[in-house]
Amino acid sequence: MEQQPIRPTWSRQIEFTLAGIGCAVGLGNVWRFPYLCYRSGGGAFLVPYLLMLVVLGVPLLYMELIVGQYTRRGPVHALANVCPLLKGVGIASVAISFIMCTYYNLVITWALYYLFSSFQSPLPWQNCNNTWNTHNCTSHVTNSSYSSTASQEFFKYKMLQQTGGVDEAGLIRWELFLILLLAWIIIYFCIFKGVKSTGKVVYFTALFPYIILIALLINNVQLPGALAGITFFIVPDWNMLLSVEVWVNAAAQIFNSIGIGFGSLLAMSSYNSFNNNVLKDTLTIAIINSHPSPASWQGIPISDLAVDGPGLVFVVYPQAFSNMPVSQLWAVMFFFMLLCLGLDSEFAMVEVMVTSLMDEFYHKLIRFFKRKELFVLAVCGTAAILGIPCVMQVGIYVFQLMDHYTAIVSIMFLAFFEVIAICWCYGVTRLSDNLEEMTGKRANLFFRVCWLIVAPVLVGVILVFSIIQFKPARYEHYVFPPWAQGVGWLIAMGSIIWIPLGAVHTLWVLPGSFIQKLKLSITPGTLDGKSKMAYYERGGRDANTGLAVISSDIHLTEKPPLQTHL
């Protein structure tokens, strides 16, 4: 790791808290939770959901924030210091974040498209009197499999102009391409100054969605059919709690919602002040992330609303707005809320990439790009180019394939090995020691038990069930052909492969016999307490030379020399 300027910190600690909330509260809360709630017994799903939040979500979020704040590094170097054998987990986190940011921005693109379209009167998906509508179009929801709603046809035939399958690439949707560029321009100007610019933006993007959600909640409880929706989500079906799948789904929802394993929150916490109260941030982010999600939007059967993914956000909700008074206003507010939610998550994913590369190659990157802002521009430009297939007519299939094999398959492997690296290899005692150095208080018994036993076991169970219950990628009734599934596994391996490669590299470069190599590879590198505090008191500068240094340049205890390098 190279010498580099003093690591910046958030201007105010509230900025990190808001950035963490924005990162955790994403589109999964809007389009995944209602579906799981419907499939898992309505109100009964809240029991396993809240339990998993307490014993899995909060402890693992606490763990990541402690590691990030203590090491003051991105996920790559943080994991390399915690457990050199599993340093590949950090690299995998960067890989998965970069893969996700290339296609996740498509959701922001769609939100902008709908936002611009919402200023029309009537709304373009409000009736079937448009050139893109078919003779099967209907402006009202029906149970017929032969008809499609106006909102469905707007999504498929107007915005996407989707082809019949992944075998037909089609043409570039130039409207979407230009909006994609606009989305990346917005993201760039929000993050190009690092935490100094992101910290200012999150005051709006993290808080504004809650204002809109409250407004929508007040309006929607007055709509016809609202009572049926509220009743469904309050009156539980307790028999569903006997299903193991319900408990696994609750744990997986908590896991993916908070973002454990993606490296985003770990990277952002590395910009915290050394003595920041980590527990306060953990509880704030976890509690606000678990706010009630939207339920019934209109007077139709709940089963018709229980669809997962883009279909709920870009088909069902728009259909609901068309039946509301002042429909344009509600549509604009909703899609602007989606834009804010998407931007916050996108900030975090791009920041993982930027932070990790700057940690490792600072001088080389600055020598080549001259300024960090130009390097961030290069990262955003590369991701924008890689996202072009998503704005072609085949784009919805590309999106679904990448999301299935990245956000569902890859992340479970990453999270499992991250928990093993930190909770078992690094150890609960060391983690508590680090917390005591920063805040003066050790982790209580509850967190230590969750780190040592509960979290590793639950994450292991989720991983096993994810493998057992794995289903090939599909979009609605379309099942991807075998060659596309193969491409999906290659995408998944693009992140997972770094875990074994990192382990092999560590064992290869360490001296001694295999047993000696293995012992050294699981020996964490922790800063001696006095050296750590002296480092921060000097403002991150060497006492003799006055040069800016990073934490791994300070005296290390219980750490072989080779383990300070990747």
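Just so you know, these numbers come straight off a predicted model, no measurement behind them.
For the atom pair CG of D281 and CG of L18, the computed distance is 10.0 Å after rounding to the nearest 0.5 Å. Considering CG of L414 and CG of L463, their distance stands at 11.0 Å, rounded to 0.5 Å. Taking CD1 from I108 and CG from L338, the interatomic distance works out to 10.5 Å, rounded to the nearest 0.5 Å. Here OG1 of T282 is found 10.0 Å from CD of E64. Values are rounded to the nearest 0.5 Å. Atom CG in N105 sits 12.0 Å away from atom CG in L386 (nearest 0.5 Å). In this structure, S322 OG and L123 CG are separated by 7.0 Å, a value rounded to the nearest 0.5 Å.
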Inset, instruction - Check step by step if side-chain contact (heavy atoms from CB on, under 4.5 Å) holds for V394 and E168. - result: CA-CA 7 Å; V394 75; E168 306 170 42; over 6 Å; no
Legend entry - L112 and L339: CA distance, side-chain angles, deciding distance, side-chain contact (heavy atoms from CB on, under 4.5 Å) verdict: CA-CA 7 Å; L112 282 170; L339 174 63; 3.8 Å; yes
Inset, instruction - Please assess S11 against K200 for the test side-chain hydrogen bond (donor to acceptor under 3.5 Å, both in side chains), listing each intermediate value before the final yes or no. - result: CA-CA 9 Å; S11 299; K200 302 300 181 291; 3.3 Å; yes
Inset, instruction - Would you sort out whether M353 and S97 count as a side-chain contact (heavy atoms from CB on, under 4.5 Å), showing the intermediate values? - result: CA-CA 7 Å; M353 186 74 176; S97 292; over 6 Å; no
Inset, instruction - Show your reasoning for whether side-chain contact (heavy atoms from CB on, under 4.5 Å) applies to I288 and Y210. - result: CA-CA 10 Å; I288 294 181; Y210 289 93; 2.8 Å; yes
Inset, instruction - Let me see the working for T406 and Y103 under side-chain hydrogen bond (donor to acceptor under 3.5 Å, both in side chains), right down to the final yes or no. - result: CA-CA 10 Å; T406 303; Y103 74 82; 4.6 Å; no
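With no hydrogens or angles considered, no side-chain donor-acceptor pair links W125 and N130 at under 3.5 Å. Side-chain polar atoms of E153 and S148 form a donor-acceptor pair below 3.5 angstrom. If you check the side chains of N133 and Y157, you find no donor sitting under 3.5 Å from an acceptor. Remark: the Y317 side chain and the S151 side chain contain no N/O donor-acceptor pair separated by less than 3.5 Å.
Checked against ring-ring contact (aromatic ring centres under 6.0 Å, His included), F98 has no partners two or more places apart in sequence or in another chain. Residues forming a ring-ring contact (aromatic ring centres under 6.0 Å, His included) with Y475 (at least two apart in sequence, or on another chain): Y397. With sequence neighbours excluded, the residues that form a ring-ring contact (aromatic ring centres under 6.0 Å, His included) with F204 are F208, F336. For C190, the disulfide (SG to SG under 2.5 Å) test picks out no residue, with sequence neighbours left out. With sequence neighbours excluded, no residue forms a ring-ring contact (aromatic ring centres under 6.0 Å, His included) with Y203.
Residues I191 and C380 are in side-chain contact: their nearest non-hydrogen atoms beyond the backbone lie under 4.5 Å apart. Looking at heavy atoms from C-beta onward, S466 lies in side-chain contact with M412 at the 4.5 angstrom threshold. At least one side-chain heavy atom of Y104 sits under 4.5 Å from a side-chain heavy atom of S345. Side-chain contact between F334 and V313 is present, with at least one heavy-atom pair separated by less than 4.5 Å. By the 4.5 Å heavy-atom criterion applied to side chains, T149 and C137 are not counted as neighbours. Under the 4.5 Å side-chain criterion, counting only non-hydrogen atoms from C-beta, V202 is in contact with T198. Counting heavy atoms from C-beta on, the side chains of S327 and Q126 come closer than 4.5 Å. Proximity of L106 to L180: side-chain heavy atoms (C-beta onward) are nowhere separated by under 4.5 Å.
Annotation for P389 and V398: closest pair O-CG2, 4.1 Å, computed over non-hydrogen atoms. When all heavy atoms of D344 and G22 are compared, the closest pair comes out as CB-O, 3.2 Å. Contact detail for F347 and V201: the closest heavy-atom pair is CE1-CG1, 3.7 Å. Of all heavy-atom pairs between T17 and I285, the closest is O-CG1, 4.1 Å. In terms of heavy-atom proximity, V376 sits nearest to V354 at CG2-CG1, 4.1 Å. Here the closest non-hydrogen pair linking G261 and E418 is CA-OE1, 3.7 Å.
Residues H404 and F399 place their aromatic rings such that the two centres sit no closer than 6.0 Å. If you look at Y113 and W110, their ring centroids are not closer than 6.0 Å.
Salt-bridge formation is detected for the pair K193/E373: a Lys NZ or Arg NE/NH1/NH2 atom is positioned less than 4.0 Å from an Asp or Glu carboxylate oxygen.
At least one donor-acceptor pair under 3.5 Å links the side chain of T102 to the backbone N or O of I99. Not a single donor-acceptor pair under 3.5 Å links the side chain of Q161 to the backbone N or O of R173. Judged by distance alone, with hydrogens and angles left aside, the side-chain atoms of S270 form a donor-acceptor pair with the main-chain N or O of A267 at under 3.5 Å. A donor-acceptor contact shorter than 3.5 Å links the side chain of W330 to the backbone of P325. Checking side-chain atoms of S269 against main-chain N and O of L266 turns up a donor-acceptor pair under 3.5 Å. In this structure, the side chain of Q162 does not engage the main chain of K156 through any donor-acceptor pair within 3.5 Å. In this structure, Y478 contributes its side chain and V166 its backbone to a donor-acceptor pair below 3.5 Å. Q13 places no side-chain N or O within 3.5 Å of a backbone atom of N272 that could act as its donor or acceptor partner. Proximity of a side-chain donor or acceptor of E351 to a complementary backbone N or O of A348 within less than 3.5 Å is not detected. Side-chain N or O atoms of T205 include none that pairs as donor or acceptor with a backbone N or O of C340 at under 3.5 Å.
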Please tabulate, one pair per line, all N/O donor-acceptor pairs under 3.5 Å involving side-chain atoms of residues 487-496, not counting sequence neighbours.
from, atom 1, to, atom 2, distance (Å)
S495, OG, S410, OG, 3.4
S495, OG, A492, O, 3.1

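Ring geometry for F335 versus Y114: interplanar angle of 30 to 60°, hence tilted. Taking the six-membered ring where the residue is Trp, F192 and Y188 present tilted rings, their angle falling between 30° and 60°.
Around CZ of F189, the count of heavy atoms belonging to other residues, nucleotides or ligands within 6.0 Å does not exceed 12. No more than 12 heavy atoms of other residues, nucleotides or ligands lie within 6.0 Å of CZ in F368, so this atom counts as exposed by the packing criterion. In R371, the CZ atom is not crowded: 12 or fewer heavy atoms of neighbouring residues, nucleotides or ligands sit closer than 6.0 Å.
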